[in-house]
**Student:** 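So that we are looking at the same thing, I have put the structure below in structure tokens.
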Amino acid sequence: MNSNKISFPLQVNTDLCTACGICAETCAFQAIQMNDGPEINPQACRLCGSCVQNCPSEALSIQENTETQTEEQQTAAEIWVLAEHSQGQIAAVTYELLGIARRLADQSGMRVAAMLLGHQLEPMTADLIAYGADTVHLVDRVGLETFIEENYARVACDLIRECKPAALLVGATVRGRGLSARLAALLHTGLTADCTELRMDTESGLLQQVRPAFGGNLMATIVTPHHRPQMASVRPGVMQAQEPDRMRSGEVIRHEDYTFCPDERISVIHEEDEGCQTASLSQSRVIIGIGRGVKNKETVAEIEAWAERIGAAVAGSRAAVEANLIDASRQVGQTGHTIAPDLYVAIGISGQIQHTAAITGAKRIIAINPDSNAPIFRIADYGWVAPVEEALPKMMQILNELGV
Ligand SMILES: Cc1cc2nc3c(=O)[nH]c(=O)nc-3n(C[C@H](O)[C@H](O)[C@H](O)COP(=O)(O)OP(=O)(O)OC[C@H]3O[C@@H](n4cnc5c(N)ncnc54)[C@H](O)[C@@H]3O)c2cc1C
Ligand code: SF4
Ligand code: SF4
């Protein structure tokens, strides 16, 4: 992979440039070196435009390269998935994205590729192929062993500029959200966050990116007609992974001679994994949701102890987070996690759309609430009209007897 082959949007007009060096001084990212004139390092440049504004000779410009865009649209025939991983494991959301990418590609005669960045990742390539990738683009090198958003964005950006995929799907996780936004800005393309459905218009090749808008009151279908790649993020638990097929064959493209310029402003001193609850939310068969109606920490502690006994995870509404009943990392809803357990027990949750939009994947919902008009009862399979203090002990007993 050689990013120098690609024409970069920031250009210097050498006829106008007086080699004054102001642009190099202005650039906060040390992306310009002065030699005979300014030399731009495309890997370091964020296209912020500061040098363009400060050049006294108007010698710099950032081009909206429509020719390149048109060429990209013609050459791209792949749907890419950014493979997320941690501690040697591919994230479940990556398999879910490969599942939807596979379905879209099969409908439209395209191919699926996974982009895998990091260090010592070779064993993961087989899994990505088994879950639906035709190709794995592997950048495996020292400097990428720790996830640093700026560095991953540089590498991903170079890879995308070179290979020009039609679309890029990213998990709407903590890492994926930051990285996808950064990539969209670097690549000058659109990004639809938190899609709940993806369709491919086979005639136009446009990815239809469906997501809730206006607080979930309508579903918007968004397309990216003029820029590539078409970027969409999807939360964990929204799409379905396909069954892995260990007999599938695929190609691993190892970008071995690729070099990049790490962002030296950032180094990771210490890493701590506090993702166990997050992981348990995406993996648990039973999740107990705490709402503002639970009211006090004593009852929360009781619910947590019960959850631990039965192997359930505990989540909460935003109001419960705001009431300090539960940690923000466990919030379920429009601005939290999307979940799809076998059973969701909503305790003291009213059932506003911002919460319920994220639990539609639950196979069964039990709601406990003293207000019989609470909207949660409209989507619950079983409702218990009672305060938590009365219902919880009985509920625990019943579920214990059922062996849940
Ligand atoms: C842009 C935006 C994004 C949002 N994102 C999210 C999100 O990601 N997740 C989210 O959850 N919310 C989100 N919200 C907030 C959402 O609109 C609701 O305010 C929130 O979900 C309400 O939480 P709740 O049901 O716990 O509280 P409430 O709506 O206050 O409901 C409490 C419920 O407890 C019941 N109750 C009272 N006493 C008891 C008792 N003794 N025992 C049992 N039940 C009792 C009440 O009858 C009531 O139904 C968002 C809002 C906006 C505007
Ligand atoms: S600021 Fe403008 S004129 Fe000065 S070196 Fe940079 S591009 Fe050339
Ligand atoms: S566009 Fe911004 S980041 Fe790029 S060289 Fe100019 S000042 Fe530096």
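Hydrogens, waters and symmetry mates play no part in the numbers below; they use all other heavy atoms, side chains included. As the structure lists them, so they are numbered: ligands from 1, and atoms in each ligand from 1.
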**Student:** Do the charged groups of E322 and R292 touch, with an N to O distance under 4.0 Å?
**Tutor:**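 R292 and E322: not salt-bridged.
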**Student:** SG/C157 to CZ/R182 distance, rounded to the nearest 0.5 angstrom?
**Tutor:**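 Spacing of SG (C157) from CZ (R182) equals 11.5 Å.
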**Student:** Taking only heavy atoms of G49, which atoms of ligand 3 are found under 4.0 Å from at least one of them?
**Tutor:**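 Ligand 3 atoms under the 4.0 Å threshold to G49: 1 (S), 2 (Fe).
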**Student:** For ligand 1, which atoms have a heavy atom of I349 less than 4.0 angstrom away?
**Tutor:**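 Once the distances to I349 are compared, the set is 25 (O).
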**Student:** Quick one: nearest non-hydrogen protein atom to atom 4 (Fe) of ligand 2, plus distance?
**Tutor:**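 Among all protein heavy atoms, the one nearest atom 4 (Fe) of ligand 2 is C20 SG, 2.3 Å.
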**Student:** Would one find an N or O of V388, backbone or side chain, under 3.5 Å from an N or O of ligand 1?
**Tutor:**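 It does: an N or O of V388 is found under 3.5 Å from an N or O of ligand 1.
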**Student:** Would you say C23 reaches atom 6 (Fe) of ligand 2 with an N/O/S atom under 2.8 Å?
**Tutor:**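 It does; at least one qualifying atom falls short of 2.8 Å.
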**Student:** Around atom CD of E389, are there more than 12 heavy atoms of other residues, nucleotides or ligands at under 6.0 Å?
**Tutor:**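 It does: E389 CD has more than 12 such atoms within range.
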**Student:** Apply side-chain contact (heavy atoms from CB on, under 4.5 Å) to residues T221 and R199 and explain how you reach the verdict.
**Tutor:** CA-CA 10 Å; T221 301; R199 298 186 294 254; 3.7 Å; yes
**Student:** Quick check: does V332 get an N/O under 3.5 Å from an N/O on ligand 1?
**Tutor:**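 Yes, V332 has an N/O under 3.5 Å of an N/O on ligand 1.
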**Student:** Just to confirm my output: which protein heavy-atom neighbour is closest to atom 2 (Fe) of ligand 3, and how far is it?
**Tutor:**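 Checked against all protein heavy atoms, atom 2 (Fe) of ligand 3 sits closest to C48 SG, 2.3 Å.
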**Student:** Kindly identify the option in G291, S350, G348, A320 whose heavy atom sits closest to atom 28 (P) of ligand 1.
**Tutor:**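 Going through G291, S350, G348, A320 one by one, S350 has the nearest heavy atom to atom 28 (P) of ligand 1.
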**Student:** Among all protein non-hydrogen atoms, which one is nearest to atom 3 (S) of ligand 2, and what is the separation to 0.1 Å?
**Tutor:**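 Checking every protein heavy atom, the shortest distance to atom 3 (S) of ligand 2 gives T18 N, 3.5 Å.
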**Student:** Looking at Q240, I want to see if its CD is surrounded by more than 12 non-hydrogen atoms of other residues, nucleotides or ligands under 6.0 Å.
**Tutor:**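 For Q240, atom CD is not crowded (no more than 12 foreign heavy atoms under 6.0 Å).
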**Student:** With heavy atoms of I32 as the reference, note each atom of ligand 3 found under 4.0 Å away.
**Tutor:**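 The list of qualifying atoms is 5 (S).
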**Student:** Do D381 and K363 meet the salt-bridge criterion of a basic N to acidic O distance under 4.0 Å?
**Tutor:**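 Salt bridge between K363 and D381, a charged N being under 4.0 Å from a carboxylate O: no.
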**Student:** Please list, in number order, the atoms of ligand 1 under 4.0 Å from a heavy atom of D371.
**Tutor:**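 Result: 47 (O).
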**Student:** Show the atoms of ligand 3 that are less than 4.0 angstrom away from any heavy atom in C27.
**Tutor:**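 Contacts of ligand 3 toward C27, numbered from 1: 3 (S), 5 (S), 7 (S), 8 (Fe).
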**Student:** Of all the heavy-atom pairs spanning I288 and A312, show the shortest one and how long it is.
**Tutor:**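 Looks like CD1-CB, 4.2 Å.
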**Student:** Answer side chain, backbone, both or neither: which part of L60 comes under 4.0 Å from ligand 2, heavy atoms only.
**Tutor:**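 The side chain, only.
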**Student:** In Å and rounded to the nearest 0.5 Å, what is the CE to CD1 distance from M34 to I32?
**Tutor:**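 Interatomic distance, M34 CE to I32 CD1, rounded to 0.5 Å: 8.5 Å.
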**Student:** Any idea which protein heavy atom is nearest atom 5 (S) of ligand 2, and the distance to it?
**Tutor:**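 Of every protein heavy atom, G21 N, 3.3 Å lies nearest to atom 5 (S) of ligand 2.
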**Student:** Go through ligand 3 atom by atom and flag the ones less than 4.0 Å from a non-hydrogen atom of F29.
**Tutor:**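 Once the distances to F29 are compared, the set is 3 (S).
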**Student:** Is R175 salt-bridged to E84, cutoff N-O under 4.0 Å?
**Tutor:**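 So R175 does not pair with E84 through a salt bridge.
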**Student:** Got more than 12 heavy atoms from elsewhere within 6.0 Å of CZ, R248?
**Tutor:**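 More than 12 within 6.0 Å, yes.
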**Student:** Test side-chain contact (heavy atoms from CB on, under 4.5 Å) on L392 and I303; report intermediate values, then the result.
**Tutor:** CA-CA 8 Å; L392 188 61; I303 292 171; 3.6 Å; yes
**Student:** For E304, run the salt bridge (charged side-chain N to carboxylate O under 4.0 Å, His left out) check against K297, R330, R309 and tell me which one passes.
**Tutor:**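 The residue from K297, R330, R309 that satisfies salt bridge (charged side-chain N to carboxylate O under 4.0 Å, His left out) with E304 turns out to be R330.
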**Student:** Under 4.0 Å from a heavy atom of G336: which atoms of ligand 1 are those, numbered in the order shown and with their elements?
**Tutor:**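 Once the distances to G336 are compared, the set is 8 (O).
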**Student:** Tell me which protein heavy atom sits closest to atom 8 (Fe) of ligand 2, plus the residue, atom name and distance to 0.1 Å.
**Tutor:**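 Looking at atom 8 (Fe) of ligand 2, the protein heavy atom closest to it is C17 SG, 2.4 Å.
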**Student:** Step through the shown structure and confirm whether more than 12 heavy atoms of other residues, nucleotides or ligands are within 6.0 Å of CD on Q107.
**Tutor:**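 More than 12 within 6.0 Å, yes.
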**Student:** Heavy-atom pairs closer than 4.0 Å: do any link ligand 1 to the side chain of Q352, the backbone, both, or neither?
**Tutor:**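 The side chain, only.
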**Student:** When rounded to the nearest 0.5 angstrom, what is the spacing between CG in L117 and NE2 in H85?
**Tutor:**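 L117 atom CG to H85 atom NE2 measures 6.5 Å (nearest 0.5 Å).
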**Student:** Within a distance under 4.0 Å of any heavy atom of C45, pick out the atoms of ligand 3 and give their elements.
**Tutor:**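 This gives 1 (S), 3 (S), 4 (Fe), 5 (S) as the contact atoms.
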**Student:** Given Q331, Q354, H355, R318, identify the one with the heavy atom nearest to atom 17 (O) of ligand 1.
**Tutor:**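 Selected option, by shortest heavy-atom distance: Q354.
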**Student:** Which residue supplies the protein heavy atom nearest to atom 6 (Fe) of ligand 3, what is that atom called, and how far is it?
**Tutor:**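 Checking every protein heavy atom, the shortest distance to atom 6 (Fe) of ligand 3 gives C51 SG, 2.2 Å.
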**Student:** Which ligand 1 atoms does E389 reach within 4.0 Å, using its non-hydrogen atoms?
**Tutor:**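 Listed by number with element, the hits are 41 (N).
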**Student:** Drop me the distance from T196's OG1 to M219's CE, to the nearest 0.5 angstrom.
**Tutor:**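 Output value for this atom pair is 3.0 Å.
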**Student:** Heavy-atom contacts with L10 under 4.0 Å: which atoms of ligand 3 show up? List them by number with element.
**Tutor:**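 Per the distance check, 1 (S), 4 (Fe), 5 (S), 6 (Fe).
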**Student:** Any nitrogen or oxygen of K295, side chain or backbone, less than 3.5 Å from one on ligand 1?
**Tutor:**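 The answer is yes, given that K295 and ligand 1 share an N or O pair closer than 3.5 Å.
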**Student:** Which ligand 2 atoms does C55 reach within 4.0 Å, using its non-hydrogen atoms?
**Tutor:**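 In order of numbering, the contacting atoms are 1 (S), 2 (Fe), 3 (S), 7 (S).
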**Student:** Surrounding CG of D36 (heavy atoms of other residues, nucleotides or ligands, distance under 6.0 Å), is the total greater than 12?
**Tutor:**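 No, not enclosed.
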**Student:** Does ligand 3 have an atom under 4.0 Å from some heavy atom of T26?
**Tutor:**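 The answer is no, since T26 has no heavy atom less than 4.0 Å from ligand 3.
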**Student:** As an exercise, identify every atom of ligand 1 less than 4.0 angstrom from a heavy atom of S317.
**Tutor:**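 Ligand 1 atoms under the 4.0 Å threshold to S317: 11 (O), 23 (O), 24 (P), 26 (O).
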**Student:** At a 4.0 Å threshold, what atoms of ligand 1 neighbour a non-hydrogen atom of A319?
**Tutor:**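 Reading through ligand 1 atom by atom, the close ones are 22 (C), 23 (O), 24 (P), 26 (O), 27 (O).
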**Student:** For the pair R154 and E150, find out whether any cationic side-chain nitrogen is under 4.0 Å from an anionic carboxylate oxygen.
**Tutor:**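 Not counted as a salt bridge, because no side-chain N and carboxylate O are separated by less than 4.0 Å.
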**Student:** With heavy atoms only and a cut-off of under 4.0 Å, state how A19 meets ligand 2: side chain, backbone, both or neither.
**Tutor:**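 It is the backbone that gets close, since no side chain atom is under 4.0 Å.
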